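One structure is given here, and the rest of the page talks about it.
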Amino acid sequence: MLNNFLDNRCIELKSNYDSYEDLIANVSRELLKYGYVKESFLENILGREKQYPTGFELGGKYNIAIPHTDMENVLKPVIYIVVLDRPVMFKSAEDGKTDISVNIVFVISLNEKNKHIVVLEELMKIFSKNDLIEKIKNSEDKDELIRLIYEEE
């Protein structure tokens with residue numbers, strides 16, 4: 001299921017950003033360039049992240065964030081994956097206040113409501129496997145990362 005939403009152009013490995021806002025702004029530019037989202041995407045995803053933070057501590061070595069926005073801002077569904085060389089701070093999804101040092105970001109851009117829950121469930125399966133998260137974090141190649149996710153399904 002997740003493979004239906006992966007595009008090699010929408011994967012960054014060993015990236016560095018100064019803040020989650022910079023990361024999301026760059027992802028938004030790329031998604032706009034590839035025709036995945038509308039101009040409204042950036043403003044809406046940043047607004048949603050401030051209101052409903054998406055940082056998650058996984059209990060292992062690495063943490064993740066899953067920023068997303070309303071489907072009206074999306075033209076074609078995609079999951080944009082950013083594997084960070086150095087972590088970026090996101091606020092915790094649990095309390096909205098705690099800073100979480102995030103290593104991997106899955107920007108979810110979907111335009112069908114019923115797909116959102118299914119994609120989140122599939123991602124949660126991945127997030128529950130610290131060894132898989134470690135492999136994703138250490139991926140040297142975009143195709144390798146896609147293969148790791150594909151093998152989990």
Side-chain angles (χ1 to χ4, degrees), residues 1-38 41-42 44-46 48-49 52-71 73-90 92-94 100-153:
M1 160 64 94
L2 293 180
N3 270 7
N4 298 335
F5 304 113
L6 298 178
D7 178 339
N8 210 317
R9 300 172 299 175
C10 297
I11 296 174
E12 294 181 33
L13 301 175
K14 302 192 184 311
S15 292
N16 286 301
Y17 292 97
D18 293 327
S19 67
Y20 80 82
E21 292 95 341
D22 289 344
L23 183 150
I24 290 173
N26 185 66
V27 168
S28 295
R29 278 191 297 276
E30 294 297 303
L31 290 174
L32 192 60
K33 177 170 80 177
Y34 297 131
Y36 281 107
V37 299
K38 298 177 183 177
F41 183 83
L42 176 59
N44 281 277
I45 197 167
L46 285 174
R48 190 179 191 297
E49 188 65 31
Y52 305 105
T54 62
F56 289 91
E57 290 185 300
L58 299 181
K61 209 155 121 180
Y62 303 114
N63 300 313
I64 58 98
I66 52 169
H68 51 284
T69 189
D70 301 322
M71 60 186 174
N73 302 297
V74 178
L75 297 170
K76 297 187 305 190
V78 70
I79 299 172
Y80 195 111
I81 302 170
V82 181
V83 179
L84 294 156
D85 192 38
R86 78 172 185 265
V88 169
M89 300 308 270
F90 276 77
S92 168
E94 289 184 30
I100 295 180
S101 180
V102 168
N103 312 91
I104 306 169
V105 180
F106 294 80
V107 180
I108 303 169
S109 306
L110 301 176
N111 59 356
E112 292 180 51
K113 191 172 187 156
N114 59 341
K115 296 277 191 245
H116 196 80
I117 299 299
V118 176
V119 166
L120 285 174
E121 286 173 352
E122 292 296 318
L123 285 173
M124 290 303 166
K125 288 179 195 172
I126 290 171
F127 302 157
S128 69
K129 298 176 181 174
N130 285 331
D131 59 326
L132 178 58
I133 291 296
E134 178 104 23
K135 288 177 185 173
I136 290 171
K137 172 67 173 95
N138 295 318
S139 290
E140 298 284 333
D141 175 89
K142 294 177 182 185
D143 291 328
E144 174 191 350
L145 191 149
I146 289 172
R147 192 174 55 256
L148 286 169
I149 293 172
Y150 180 75
E151 289 170 358
E152 271 313 299
E153 295 192 82

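Keep in mind that what you see is a predicted model, and the values were worked out from it rather than measured. Note that the numbering runs from 1 along the sequence shown for the chain.
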Measure the spacing between [atom1] of [X] and [atom2] of [Y] and express it to the nearest 0.5 Å.
| X | Y | atom1 | atom2 | answer |
| --- | --- | --- | --- | --- |
| Ser139 | Leu148 | OG | CG | 5.0 Å |
| Asn16 | Leu23 | CG | CG | 10.5 Å |
| Lys125 | Glu121 | NZ | CD | 7.5 Å |
| Leu110 | Thr69 | CG | OG1 | 11.0 Å |
| Ile136 | Ile149 | CD1 | CD1 | 5.0 Å |
| Leu31 | Arg29 | CG | CZ | 11.0 Å |

Nearest heavy-atom pair of [X] and [Y]: which atoms, and what distance?
| X | Y | result |
| --- | --- | --- |
| Gly55 | Ile100 | O-CD1, 3.5 Å |
| Val88 | Tyr20 | CG1-N, 3.1 Å |
| Val105 | Val102 | CG2-CG1, 3.8 Å |
| Ser28 | Val37 | O-CG2, 4.1 Å |

Requested in this report: Assess whether side-chain contact (heavy atoms from CB on, under 4.5 Å) is satisfied between Val83 and Leu13, documenting all intermediate values.
Outcome: CA-CA 5 Å; Val83 179; Leu13 301 175; 3.9 Å; yes

Query raised in the report: Partners of Glu12 by side-chain hydrogen bond (donor to acceptor under 3.5 Å, both in side chains), sequence neighbours excluded?
Result: Ser15, Tyr17, Asn26, Tyr80

Exam field: side chain [X] to backbone [Y], donor-acceptor pair closer than 3.5 Å:
| X | Y | result |
| --- | --- | --- |
| Asn111 | Leu75 | yes |
| Glu49 | Thr54 | yes |
| Lys137 | Leu84 | yes |

Query - Verdict with reasoning, Leu6 to Ile81, per side-chain contact (heavy atoms from CB on, under 4.5 Å) - result: CA-CA 9 Å; Leu6 298 178; Ile81 302 170; 3.8 Å; yes

Query raised in the report: Which is it for Arg9 and Tyr36 under the side-chain contact (heavy atoms from CB on, under 4.5 Å) test, yes or no, and what are the steps along the way?
Result: CA-CA 12 Å; Arg9 300 172 299 175; Tyr36 281 107; 3.9 Å; yes

**Report entry** Candidate list Ile11, Asp141, Leu2, test side chain to side chain contact (heavy atoms under 4.5 Å, CB included), partner Ile146, passing option
**Finding:** Ile11

Query raised in the report: With a 4.0 Å cut-off, would you call Glu144 and Arg147 a salt bridge?
Result: no

Query raised in the report: Taking NZ, NE, NH1 and NH2 as the nitrogens, is one of them in Lys142 or Asp7 under 4.0 Å from a carboxylate oxygen of the other?
Result: no

Query raised in the report: Can you list the steps and then say if Glu21 with Ser19 is a side chain to side chain donor-acceptor pair (under 3.5 Å)?
Result: CA-CA 5 Å; Glu21 292 95 341; Ser19 67; 3.2 Å; yes

Query raised in the report: What do you reckon, is NZ of Lys14 surrounded by more than 12 foreign heavy atoms closer than 6.0 Å?
Result: yes

Report task. Hey, could you give me each pair passing ring-ring contact (aromatic ring centres under 6.0 Å, His included) that has a residue in residues 109-140? Not counting sequence neighbours. Result -> His68-His116, Phe106-Phe127

Return a table of donor-acceptor pairs under 3.5 angstrom between the side chains of residues 60-67 and protein atoms on other chains or two or more places apart.
{"from": "Lys61", "atom 1": "NZ", "to": "Glu134", "atom 2": "OE2", "distance (Å)": "3.4"}
{"from": "Asn63", "atom 1": "OD1", "to": "Leu58", "atom 2": "N", "distance (Å)": "3.1"}
{"from": "Asn63", "atom 1": "ND2", "to": "Ser101", "atom 2": "O", "distance (Å)": "3.0"}

